[in-house]
Amino acid sequence: MKTPLNPPQVQAVRHVDGPLLVLAGAGSGKTRVITHKIAWLVRECGHAPGNIGAVTFTNKAAREMKSRVAALLGPRDGRGLMVSTFHSLGLRILQRDHAHLGYRSGFSIFDAEDARGVMRELLRSAGTDADQDGERLQWRISAWKSDMVSPEQAISKAADDTEHHQALLYAEYQRHLQAYNAFDFDDLIVRPVQLLAEQPDVREYWQNRLRYLLVDEYQDTNTSQYDLLRQLTGVRARFTVVGDDDQSIYAWRGARPENLHRLSEDYPTLRVIKLEQNYRSTARILRSANALIAGNPHLFDKQLWSTLGDGDPLRVIRSRDADTEVTRIAGEIIQHRFHKRTAFSDYAILYRGNHQARPFEKALREHQIPYRINGGNSFFDKAEIKDLMAYLRLLVNPDDNSAFLRIINTPRRQIGASTLEKLGAYAGQRDISLVAACGEMGLGEYLAERNLQRVREFSQWLDDMTRMAAREPVANVARRVLHETDYEAWLLETSRDPVRTEKRMASLAELVEWLGKLAAREEMDGRLDRVLAHLSLMGILDRQADDDGGDQVQLMTLHAAKGLEFDHVFMVGMEEGLLPHQASIDAETIEEERRLCYVGITRARRSLTLSWAAHRRRAGDTVECEPSRFLAELPTADVVWEDPTRPVDPEVRAAKGRAHLATLRDLLAND
DNA sequence: TGGGGTGATATTTTT
DNA sequence: TATCACCCCA
């Protein structure tokens, strides 16, 4: 984009003295505003890059922003600039100031699986039978943390017995994390907020370090993230937040879009600037998006407009069933691509739920259309990666019982469940970690000689490795662990599949390479603990980000599509019960469904096809489907319904709601 | 210890 | 209906 910034964009860039909220509509160039603003702060306002922080939600967004700032400022002028996710920002604070919380350096970061393991353990010892209560508990605790509710508050505010019980487990869970010298993901925000609030010197340091803060996707912040922003910017309130309330689609996991409105209450001097010129889509697409979102209540009004011309009308296509829908869209992509000489990568298929991807995968394969499914398997979900990470974590943090339990028998060391139970009881009694328990003399009274031997042997080995880890380069430590545990032999033995083993070893080699690369970074200082912490926050390997350069049709959920754009978009499964989803049809949640639909529409640059099927298999049997109510909310003049019998007064129809839609379906059902 | 049978369950997901 | 997690047995 070489065009100059438009007037509101310029205003947003130049307003630097007080708090600023930029309401940036879809495709209105918000990243551009943020990057230009960073450049402005450095070049025109004399801020050192090291005193500016830009915060995003995902690593991908952070990477993108970093590279765009670098392109603007050049690598030298941007030195020290802090572009990071909320979580890595929190991590940095903890790495410096964890001691105030009673944590020791080398602390572990627990991923969702580690956390679930701890909670299951708690549930078991609390006598709560259900294993899968673990998931509910995990959800509950995470919600409390996002809302900045401490265990004590949760206990006193509990609404019923179940919640009271959960709150007690929450308190217990936090005690365990502390004992393990570990933080979970939510803690990476919550505990820094706590530190900043309680420790004046810590607050002063960070407020001084970060003189200006910019936050992207502000509508997705939860309470703890908002508190972090407030603590960091303090009374000087030098910040820019950029967001769009119409694209708030994460309330279900704790996001508080009302944080947008809270800003003007908490900061009376707040300036609000709207970006409404869209550089992405045709006017018809934007009019449709505007019309749809007008169905939601608004505190800030916003009308997207564009100079790109009307373009093609949107199309609503109806299929008899899911199979027909899928083959039809595959066929359309092939034809359209042929006629318009486009690339496969210009097309995206967007859906509400992941399960909807499957039939499309099948059809695309059959039509030999290359595709890429976004989301799903993270590099760090692979068992072998987790194993090696657990070994390394244990070397850095011997209190990490979760890591210990993961690898004590991987590869096999003949240490069985009952031995571990006794070890755990012993450790629990003395309030020491499992690793520490392994090395204690008193253990002899509890374990049979043979088992004691094995435990001792492991403990001895761990000692040796820990000593080695202190002086050897990080990558060597990792290689040594793999070598000494005979990990490859174990893989081969357990999977009996040389090809699979080879793949897994390749993943491990990749991890080792990463460890080496990261350790070489200045800020890592060659420290294994730093490298591990950093790595635990990296969900997906960078390599995969590079990989999507291929010419492939993109398949993803509407959620995953946020922030992306495509020339030609297919929104599929546009039916009542799917979008809006059955579970989100109440008055409060329907608005988020509408925003989800809005996000989908605004992904399209040139063409948008909305597809629904009249019959679909759902939970076993085939049900008849009605077209999504959102389809009826689109402007008649900009949408072509494949079926000309469609009645033409969308406003009346929207008002009459579902009953009317049933009639509409009957009118359309002419096959 | 790993595979197979069984039973529950069915949005959206990052770090 | 299909998948997935878990438990139990060989």
Side-chain angles (χ1 to χ4, degrees), chain A residues 55-62 84-91 94 109-116 120 129-132 134-136 138-139 142 145-146 183-190 192 216-217 220-222 224-225 228 247-255 322 350-359 362 374-381 409-412 414 416-417 490 493-497 533-540 556-563 573 577-585 589-590 592-593 595-597 599-600 616-623:
Chain A
V55 188
T56 63
F57 275 84
T58 64
N59 291 307
K60 193 178 164 206
S84 69
T85 61
F86 271 103
H87 295 265
S88 29
L89 173 58
L91 172 64
L94 291 175
I109 294 167
F110 276 13
D111 65 13
E113 196 184 316
D114 292 310
R116 200 174 63 226
R120 270 189 178 160
D129 51 346
D131 273 323
Q132 36 110 250
E135 207 178 319
R136 223 172 303 161
Q138 197 171 13
W139 186 260
S142 179
K145 288 188 176 183
S146 317
F183 297 105
D184 68 14
F185 283 137
D186 296 316
D187 281 347
L188 295 179
I189 314 292
V190 172
D216 193 16
E217 303 281 17
D220 289 339
T221 51
N222 61 33
S224 68
Q225 286 155 342
L228 187 62
Q247 290 187 73
S248 157
I249 53 175
Y250 285 111
W252 55 273
R253 65 169 196 208
L350 309 181
Y351 36 80
R352 176 67 231 261
N354 276 313
H355 64 276
Q356 292 171 262
R358 279 185 174 273
K362 185 165 164 276
N374 189 323
N377 291 335
S378 157
F379 182 73
F380 289 92
D381 285 342
N409 255 327
T410 310
R412 229 158 286 155
Q414 319 265 22
W490 179 77
E493 183 190 322
T494 52
S495 79
R496 289 194 203 104
D497 179 349
H534 187 87
L535 228 34
S536 342
L537 296 186
M538 277 180 40
I540 293 166
M556 67 190 83
T557 62
L558 289 162
H559 283 91
K562 191 168 73 141
L578 270 179
L579 182 69
H581 193 274
Q582 197 59 49
S584 304
I585 276 180
T589 45
I590 190 79
E592 186 150 306
E593 297 289 304
R595 290 192 290 266
L596 203 45
C597 185
V599 165
R616 202 179 282 278
R617 313 200 72 112
R618 212 130 80 197
D621 37 24
T622 303
V623 292

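Reminder, nothing fancy here: chain letters follow the sequence lines and each chain counts from 1.
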Under 3.5 Å donor-acceptor, A/Asp184 side chain and A/Asp187 backbone: yes
Of all the choices, B/dT13, C/dT3, B/dT14, which nucleotide is nearest to the side chain of A/Thr58 once you look at every atom? B/dT14
Identify whether any heavy atom of A/Ser584 sits under 4.0 Å from a base atom; if not, whether one sits that close to sugar-phosphate; answer base, sugar-phosphate or nothing. base
Of the candidate nucleotides C/dT3, B/dT11, B/dT14, which contains the atom at the shortest distance from the side chain of A/Glu593? B/dT11
Nucleotide nearest A/Ala583 when distance is taken to its side chain, options B/dT13, B/dT11, B/dT14: B/dT11
P atoms of B/dT13 and C/dA2, separation to the nearest Å: 23 Å
Would you check if the side chain of A/Glu592 reaches a backbone N or O of A/Thr589 as a donor-acceptor pair within less than 3.5 Å? no
A/Phe185 meets the ring pair (Phe, Tyr, Trp, His ring centres under 6.0 Å) criterion, sequence neighbours left out, with none
Heavy atoms only, 4.0 Å cut-off, all strands: where does A/Asn354 land among base, sugar-phosphate and nothing? sugar-phosphate
Please classify the nucleic acid contact of A/Arg617 as base, sugar-phosphate, or nothing, using heavy-atom distances under 4.0 Å. sugar-phosphate
Could you measure between the two P atoms, the one in B/dT12 and the one in C/dT3, and give it in whole Å? 15 Å
Would A/Phe57 pass as stacked on B/dT15, i.e. its ring centre under 5.5 Å from the base's six-membered ring centre and planes under 30° apart? no
Let me know the distance between CD1 of A/Ile249 and P of B/dT14, rounded to the nearest Å. 11 Å
Collect all protein-nucleotide pairs involving nucleotides 2-4 of chain B in which both atoms are nitrogen or oxygen and the distance is under 3.5 Å.
residue : atom : partner  : partner atom : Å
B/dG2   : OP1  : A/Arg412 : NH2          : 3.1

Look at A/Asn59 and B/dT14 and indicate whether a side-chain polar atom (N or O) is within less than 4.0 Å of OP1 or OP2. no
Can you give me the closest heavy-atom contact between A/Thr56 and A/Ala61, atom names plus distance? CB-CB, 3.8 Å
Look at the side chain of A/Gln138 and the backbone N and O of A/Ala112, then say whether any donor-acceptor pair between them is shorter than 3.5 Å. yes
Between C1' of B/dA10 and NE2 of A/His355, the distance in whole Å: 8 Å
Whole angstroms only, please: what is the CG-P distance between A/Leu578 and B/dT12? 11 Å
B/dT11 OP1/OP2 closer than 4.0 Å to side-chain N/O of A/His581: yes
Once you round it to whole Å, what is the distance between P of B/dT11 and CG of A/Leu350? 19 Å
To the nearest angstrom, the CD1-P distance between A/Ile189 and B/dT14 comes to 16 Å
Take the protein atom CG of A/Asp184 and the nucleotide atom P of B/dT14, then report the distance between them rounded to whole Å. 17 Å
May I ask you to decide if A/Ile585's main-chain N or O and A/Glu593's side chain share a donor-acceptor pair within less than 3.5 Å? no
Residue-phosphate contact under 4.0 Å: A/Arg120 side-chain N/O, C/dC6 OP1/OP2: yes
Quick check against the 3.5 Å criterion: does A/Arg595 have a side-chain atom that pairs as donor or acceptor with the backbone of A/Ser248? yes
